[in-house]
> 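Below: one structure in structure tokens.
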Amino acid sequence: MDSHLVEKGIVVEATVAIDPFKLMSRRGYKWFGIIPVRIKNETVNLWTTGVIAQWFSRGEKVKIIIKDEPKKIGNTWVLGPQDYVLYRIYNGEEVPIWPPWSKEYVLERKDPLNTKKVYEYRIIAREAVSEEDYMDIVNLEQHHYASKEEVVAIWRCPRCGEYMEANIQPRCPRCRIPMKLQEIRGSIPSSRFLVLELRSRKPYEPRIVGYVRVDTPIPLMNRRLPDGRIQKMIREKVFPKDWFHPTFWPTALKERISIISRYKDLRELYGSRRLARAIVGEEVSEKALKIANSAAARIARVVVHPDYRGDGLGILAVKAAIEWIRVRRVPEMKKRKHIVETIAMMARYNPFFEKAGFYYMWDTGSGRPVLMYPLTEEARKYIERFLETDPYARKHSGKLYRPRYSGVEVLTDNIVLKGLTKIYRSVLDVSRLPPSLRDVLLAFGVERRIVEKYVLRNVDLEIKPREVVVVVGASGAGKTTLLRMIIGAAKPELRTNENYRPSQGDVRVPPNTKIAYLLPGEAEPSFGSETLLEHITMKVGDPAEAVEILNMVGLSDAVFYRAKFVELSTGQKERAKLASLLAEKPNLLIIDEFAAHLDSLTAQRVARKLGKLARQAGITLIVATNRPDIIEALNPDKIIYVGYGRAQLGG
């Protein structure tokens with residue numbers, strides 16, 4: 001036979017020769033699969049991913065653009081992942097399949113006042129294709145769910161087929177070799193994964209900062225009405241019936257008795273319900289995958305790395321997934337997609353789905369919110385008609401999220417510092433020191449000395465309501481002293497402490513001042529053994545509002561809600577302190593050494609978020625810092641320079 005089967009650059013139409021599913025060993029199938037096609041009476045194996053290959057069936061027509069000539073490996077012709085472009089021929093349409101979908105996004109984080117860019121993310125949104133991608137997804141799942149009770153992955157030995165649950169890649173106890181990832185918590189065989197990869201990142205930053213899991217629609221959906229009644233099959237009453245069917249539904253394709261029997265045997269064998277469910281699901285999935293072909297997709301999961309929460313990446317992830325679904329018709333890659341659905345309890349407390357363009361439709365029979373995104377004009381009209389005509393939907397008009405953290409009562413007047421002077425006096429006396437130390441100091445002429453110093457001298461300043469103010473100056477210059485003087489004016493009971501009382505002059509604050517402040521090592525929010533959600537709820541009295549406050553500072557996940565302060569990273573602790581301060585509903589917020597222990601990018605994220613929140617809520621914000629990156633992210637209305645007894649506004 002000719003060593004050149006086909007020349008590169010040509011376009012061929014071919015037929016799938018063998019069901020790819022039958023060729024899968026299910027060992028690493030997610031990131032490796034084969035689609036065998038017939039070209040010139042020869043079988044050519046297209047190397048692809050298992051999650052793509054499993055959707056093809058024998059006899060299907062495909063179109064292939066040959067980018068490089070097929071290679072002969074043994075007796076088999078092969079087109080490698082970089083050697084071809086693949087389209088599925090479906091009802092006369094060409095659906096793009098390979099290479100996997102990928103798109104670069106630039107997410108600029110701008111100052112809300114002048115739209116000046118503070119920093120940016122360069123993100124590649126793409127389908128997960130490698131074992132490394134799926135390992136990173138497992139790691140993100142641990143951030144999302146991690147606890148001693150939760151295991152997020154199921155693994156299988158590629159040699160003996162043994163299953164095991166673990167959060168990191170285990171070794172097979174029999175074969176002593178690394179096991180392969182089989183299933184990620186909550187996913188199903190029809191699941192597809194989109195990852196967000198940082199294109200430009202520091203050496204210490206993660207490669208993958210988020211992912212989206214896209215599934216087929218759930219098989220059945222009921223609606224719970226406000227009075228508790230249940231409307232059966234609600235989607236089919238609003239949209240064409242074939243938009244959501246046939247979907248992936250293995251239990252509809254086998255006798256339930258045999259499935260239950262098999263499940264019980266496996267549960268007894270492995271001692272794990274989750275493992276038993278995974279194995280049964282795999283065994284009955286082949287036929288379900290062939291039948292599934294809906295005009296809808298479901299976003300089942302959106303996870304962002306904890307250190308990157310609250311910065312718009314969740315919205316970006318959803319928008320990228322929408323585009324992926326529209327262009328590639330995932331997960332099945334057959335029918336044109338009309339609609340994307342999601343069922344998300346978090347949508348009650350975080351509006352990122354709505355910000356991405358989703359409409360709230362109804363609650364499921366179990367009370368979970370359902371939101372939908374129209375991919376076509378036809379779908380948009382169905383949604384709008386429902387929202388206009390349904391008596392219950394008319395009341396919410398497609399909006400679910402209702403902010404609970406309202407603006408504060410803004411300061412009624414300026415903060416005024418008039419002739420403010422603060423003198424510190426100390427006595428240096430070496431007589432009480434050990435002889436060895438006393439002799440050293442005496443050699444330098446130090447015996448007893450009274451030291452008096454103007455830390456602040458005749459300072460005249462005004463700070464207006466709603467202003468964001470930064471105080472800068474060298475260490476020991478008097479930044480903290482200036483903050484203490486304002487705090488002492490807002491809390492007269494502190495003036496019994498000399499540190500909070502001026503030596504001369506006056507500090508006046510408006511009568512409606514409600515202050516919250518943080519002076520590291522001196523005055524900080526007090527956290528005990530309670531969870532973050534409990535801590536914030538004790539302050540605001542409303543768990544839903546507590547969730548909203550945690551979301552606002554980027555602690556937007558159940559793992560943080562139930563975490564204790566001591567379990568957090570340094571950056572997360574800074575955000576938790578900020579949440580605790582915001583929960584006090586202050587109209588004056590003072591923070592010393594702001595974000596001092598955070599790396600530059602994390603500090604900028606927290607600073608930008610704080611400045612934005614203060615301006616939105618009407619909070620007068622005063623922070624002390626010397627870091628240019630933080631000052632730029634805050635974009636203050638005023639900068640006060642402190643040093644050598646002076647405190648004056650910068651130009």
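For the single chain, residues carry numbers from 1 onward in sequence order. What's counted below: heavy atoms across the whole structure, side chains too, no hydrogens, waters or symmetry copies.
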> Flag the pair H535 / F527 as yes when their ring centroid distance falls below 6.0 Å, and as no otherwise.
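H535 vs F527: aromatic centres under 6.0 Å.
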
> For a salt bridge (charged side-chain N to carboxylate O under 4.0 Å, His left out) check, start with the C-alpha distance between E534 and R562, then their side-chain angles and the critical distance, and finish with the verdict.
CA-CA 8 Å; E534 289 170 330; R562 70 184 184 216; over 6 Å; no

> I123 vs L313, test: side chain to side chain contact (heavy atoms under 4.5 Å, CB included). Steps then yes/no.
CA-CA 9 Å; I123 299 285; L313 289 175; 4.2 Å; yes

> Given the rule in the side chain to side chain contact (heavy atoms under 4.5 Å, CB included) test, do V370 and R223 qualify, once you have shown the distances and angles that lead to the verdict?
CA-CA 9 Å; V370 176; R223 176 194 190 188; over 6 Å; no

> Can you tell me if E341 and Y373 form a side-chain donor-acceptor pair at under 3.5 Å?
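The answer is no; no qualifying pair exists.
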
> Check whether N350 reaches the backbone of N551 with its side chain - one donor and one acceptor, N or O, closer than 3.5 Å.
no

> To the nearest 0.5 angstrom, please state how far the OG atom of S130 sits from the NZ atom of K30.
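Reported to 0.5 Å precision, the distance equals 13.5 Å.
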
> Show me the pairs that pass salt bridge (Lys or Arg N to Asp or Glu O under 4.0 Å) and involve residues 168-178, at least two apart or across chains.
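For residues 168-178: E162-R174.
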
> Set out, in order, the CA-CA distance, both residues' side-chain angles and the distance that settles salt bridge (charged side-chain N to carboxylate O under 4.0 Å, His left out) for E69 and K71, then state yes or no.
CA-CA 6 Å; E69 297 176 1; K71 312 290 191 303; over 6 Å; no

> Please indicate whether R58 has more than 12 foreign heavy atoms, meaning atoms of other residues, nucleotides or ligands, lying under 6.0 Å from its CZ.
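No.
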
> Does a side chain donor of either S190 or D215 reach within less than 3.5 Å of an acceptor in the other side chain?
no

> Whether the side chain of Q572 engages the backbone of S569 through a donor-acceptor N/O pair (distance < 3.5 Å, no angle test) should be reported.
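Yes; at least one donor-acceptor contact below 3.5 Å.
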
> Examine distances only and state if a side-chain atom of R122 and a backbone atom of V106 form a donor-acceptor pair shorter than 3.5 Å.
no

> Sequence neighbours left out, what pairs pass salt bridge (Lys or Arg N to Asp or Glu O under 4.0 Å) with at least one residue falling in residues 9-18?
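Counting only pairs at least two positions apart or across chains, no salt bridge (Lys or Arg N to Asp or Glu O under 4.0 Å) contact touches residues 9-18.
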
> Write down the atom of Y87, the atom of I65, and the distance for their closest heavy-atom approach.
CE1-CD1, 4.0 Å

> Taking the side chain as everything from C-beta on, heavy atoms only, tell me whether L316 gets closer than 4.5 Å to F352.
no

> For P217, is there any backbone N or O sitting under 3.5 Å from a side-chain donor or acceptor partner on R298?
no

> Shortest non-hydrogen contact from L568 to A576?
CD1-CB, 3.8 Å

> Would you name the heavy atoms of P36 and I34 that are closest together and state the gap between them?
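Residues P36 and I34, closest heavy atoms: CD-O, 3.6 Å.
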
> Side chains of V85 and P99, heavy atoms from C-beta outward: is any pair under 4.5 Å?
yes

> In terms of the angle between their ring planes, are W243 and H338 parallel, tilted or perpendicular, with boundaries placed at 30° and 60°?
parallel

> Just by modelled atom types, is the D242 backbone N or O under 3.5 Å from a matching donor or acceptor in the K335 side chain?
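Such a contact is found between K335 side chain and D242 backbone.
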
> Give, for atom CG of L375 and atom CD of E323, the distance between the pair rounded to the nearest 0.5 Å.
11.0 Å

> Is there a side-chain contact between V212 and R192 (heavy atoms, below 4.5 Å)?
no

> Is any side-chain heavy atom of N45 less than 4.5 Å from a side-chain heavy atom of W77?
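They are not in side-chain contact.
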
> Any side-chain heavy atom of L400 sitting closer than 4.5 Å to one from E354?
yes

> Tell me, with the steps shown, if Q169 and W155 meet side chain to side chain contact (heavy atoms under 4.5 Å, CB included).
CA-CA 8 Å; Q169 186 177 26; W155 310 79; 3.8 Å; yes

> Can you measure from CG (D133) to CD (E127) and round to the nearest 0.5 angstrom?
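Here the rounded value is 9.5 Å.
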
> Do L532 and L555 have side chains that approach each other closer than 4.5 Å (heavy atoms only, starting at C-beta)?
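A side-chain contact under 4.5 Å exists here.
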
> Step through the shown structure and confirm whether more than 12 heavy atoms of other residues, nucleotides or ligands are within 6.0 Å of NZ on K564.
no

> What is the minimum heavy-atom distance between A128 and I137, and which atoms define it?
CB-CD1, 4.1 Å

> Hey, are R213 and S187 close enough side-chain-wise for a donor-acceptor pair under 3.5 Å?
no

> Hey, does the side chain of R328 reach the backbone of I325 with a donor-acceptor pair shorter than 3.5 angstrom?
no

> List the steps, then state whether salt bridge (charged side-chain N to carboxylate O under 4.0 Å, His left out) holds for R309 with D311.
CA-CA 6 Å; R309 300 250 169 91; D311 217 12; over 6 Å; no

> Should we say atom CD1 of I168 is surrounded by more than 12 heavy atoms from elsewhere, each under 6.0 Å from it?
no

> Test side chain to side chain contact (heavy atoms under 4.5 Å, CB included) on I64 and V37; report intermediate values, then the result.
CA-CA 10 Å; I64 307 169; V37 297; 3.8 Å; yes

> According to the interplanar angle, ranging from 0 to 90°, do the rings of Y105 and W101 count as parallel (below 30°), tilted (30 to 60°) or perpendicular (above 60°)?
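Answer is tilted, since the angle falls between 30° and 60°.
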
> Between CG of L196 and CG of D136, what distance do you get to the nearest 0.5 Å?
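Answer rounded to 0.5 Å: 12.0 Å.
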
> Checking T364 side chain against N222 main chain: does a donor-acceptor pair fall under 3.5 Å?
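Checked: no pair found.
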
> Roughly how far apart are I291 CD1 and F248 CZ, rounded to 0.5 Å?
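CZ of F248 is found 10.5 Å from CD1 of I291.
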
> Atom NZ of residue position K232 - does it have more than 12 heavy atoms of other residues, nucleotides or ligands inside 6.0 Å?
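Check fails, neighbour count at 12 or below.
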
> Hey, can you tell me if W98 and Y84 have their rings parallel, tilted or perpendicular (30° and 60° cut-offs)?
parallel

> Does any part of the side chain of V78, heavy atoms only, come nearer than 4.5 Å to the side chain of W47, both counted from C-beta?
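Yes. Closest side-chain heavy atoms under 4.5 Å.
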
> Under 4.0 Å between a side-chain nitrogen and a carboxylate oxygen: does that hold for R575 and D307?
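No salt bridge links R575 with D307.
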
> State, to 0.1 Å, how close C157 and M179 come at their nearest heavy-atom pair, and which atoms those are.
N-CE, 3.3 Å

> Are side-chain heavy atoms of Y134 and V51 found at a separation under 4.5 Å?
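In contact.
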
> Would you indicate whether R207, at its atom CZ, is surrounded by more than 12 heavy atoms from other residues, nucleotides or ligands within a distance under 6.0 Å?
yes

> Strictly distance-based, threshold 3.5 Å: is any side-chain N or O of S294 a donor or acceptor partner for the main-chain N or O of A296?
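Such a contact is found between S294 side chain and A296 backbone.
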
> Within this structure, what is the CG-CG distance for the pair D83 and D68, rounded to the nearest 0.5 Å?
5.0 Å

> What are the two closest non-hydrogen atoms of A356 and V318, and how far apart are they?
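Closest approach of A356 to V318: CB-CG1, 3.6 Å.
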
> What residue among R329, R336, K334 forms salt bridge (charged side-chain N to carboxylate O under 4.0 Å, His left out) with E93?
R329

> Among E94, E60, E332, which residue meets the side chain to side chain donor-acceptor pair (under 3.5 Å) test with R88?
E60

> If we ignore hydrogens and angles and just use 3.5 Å, is the side chain of T602 paired with the main-chain N or O of D599 as donor and acceptor?
no

